[in-house]
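In listed order, ligands and their atoms are each counted from 1.
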Amino acid sequence: MIEFRGVSKYYGDFRALDNLSFTVEEGKVCVLIGPSGCGKSTTLRLINRMIEPSSGEILVDGRNVRTVRSEKLRRGVGYVIQNVGLLPHMTVEQNVSIVPRLLGWDDRKMKDRSDELLDLVGLAPDQYRSKYPHQLSGGEAQRIGVARALAANPPILLMDEPFGAVDPLNRETLQGEFTSIQRKLKKTVIFVTHDLDEAIRVADTVVLMQSGRIVQHDTPERLLAQPKNQFARDFVGSDRALKRLSRFIVHDYMHAPSMLRARERLSSSEIADRMKQRYFWVVDENGFLRGWTDLKESLPDEEVRGYMTQIKPMEVGITEFASMRDALSRMMGQGIKEVPVLDSKWRLVGAVTLHDVEAITEQGDLAQ
Ligand code: ADP
């Protein structure tokens, strides 16, 4: 648990933080959000003592961080920043192993841990462990940054605009992956962002800040449903019902797709079942999405092609880590009521429909 008690920070006469008090429960993600200069990074950096408060105290598991030696403190706190800061002349494995090496782990244990973490962040160890940072894409480098922060299994993670430098599509994937990793690891996380969609997606609680003060500390749902004052209302904007969709992950809503597999032989009862469907996604023998058709029966591969509308899976499909808001944008962008869900190799694994989106928005009390 992390607790801020009446923390202020001055730079000369300028008050960057003004009497901040809030608590982050163990295993939860707290997102600090607000306009540039409102004090988010300053708050974060106080926790691992990169800077010291002018007054007030910060407690980690009941202990004032001032009483803990900074090296010891930083070992228990993983830190992820925007441009990752991977060391250019070290391999991925060496970068991930920086803290374990400082802790004197033996080579075997470091290698096993590095492989385990690469797996966790979705990068095949055999392919990535010997690469150098310049051989990585922005999204890959960011994943290594997360792996490195987790290396010594710290209970606390500080993330300062961790996905800020990544393009929007990769950013959505990284947010989804982070959420799924956090479901497994349950770290206590403080996450800084100025992107409200990102906050709503990853947060258990959100601290909305303005000029070094807390405007509202709440769950994302309550921040959206009941913004406390005009500043909060302006900040969350007018499309709150749609923003709330960012909290729901496609994985939790997808169902089996209506699918026609090339060369598949169907029984007459299966064909009868298919008569009820309006259309099918067509996949090839390997399960890759190729297009859609309104044919009701299976046909040999060559003929299906003649009756099929080809699609570009990357433009129409979505991953299971995406949010239901992403799914809705895909529906509106492509003019479709059902979005195919693809795995990382573009194989069709499920589908979500406009109906699923409506079911979520109807649950909420956000009708405006
Ligand atoms: P945010 O992360 O919300 O953009 P920061 O926490 O980085 O904001 O900064 C809060 C305020 O404190 C800003 O006005 C910034 O200019 C000021 N500030 C931050 N660091 C220093 C410093 N070392 N010296 C003087 N002012 C600073």
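- Donor-acceptor pairing under 3.5 Å is lacking for the side chains of Asn19 and Ser8.
- In this structure Thr23 satisfies the side chain to side chain contact (heavy atoms under 4.5 Å, CB included) test together with Met1, Glu3, Glu25, sequence neighbours excluded.
- Donor-acceptor pairing under 3.5 Å is lacking for the side chains of Ser329 and Asp326.
- No hydrogens or angles considered: a donor-acceptor pair under 3.5 Å links the side chains of Glu198 and Thr193.
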Inventory of protein N or O atoms under 3.5 Å from ligand 1 N or O:
from     : atom 1 : to    : atom 2 : distance (Å)
ligand 1 : 2 (O)  : Ser41 : N      : 2.9
ligand 1 : 2 (O)  : Ser41 : OG     : 3.0
ligand 1 : 3 (O)  : Cys38 : N      : 3.2
ligand 1 : 3 (O)  : Gly39 : N      : 2.9
ligand 1 : 3 (O)  : Lys40 : N      : 2.9
ligand 1 : 3 (O)  : Lys40 : NZ     : 3.0
ligand 1 : 4 (O)  : Gly37 : N      : 2.7
ligand 1 : 6 (O)  : Ser41 : N      : 3.4
ligand 1 : 6 (O)  : Thr42 : N      : 2.9
ligand 1 : 6 (O)  : Thr42 : OG1    : 2.5
ligand 1 : 8 (O)  : Gly39 : N      : 3.3
ligand 1 : 20 (N) : Tyr11 : OH     : 3.4

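- Residue pairs that meet the ring pair (Phe, Tyr, Trp, His ring centres under 6.0 Å) test with at least one member in residues 168-188, sequence neighbours left out, are Phe178-Phe191.
- Under the ring pair (Phe, Tyr, Trp, His ring centres under 6.0 Å) criterion, no residue pair touches residues 225-244, with sequence neighbours excluded.
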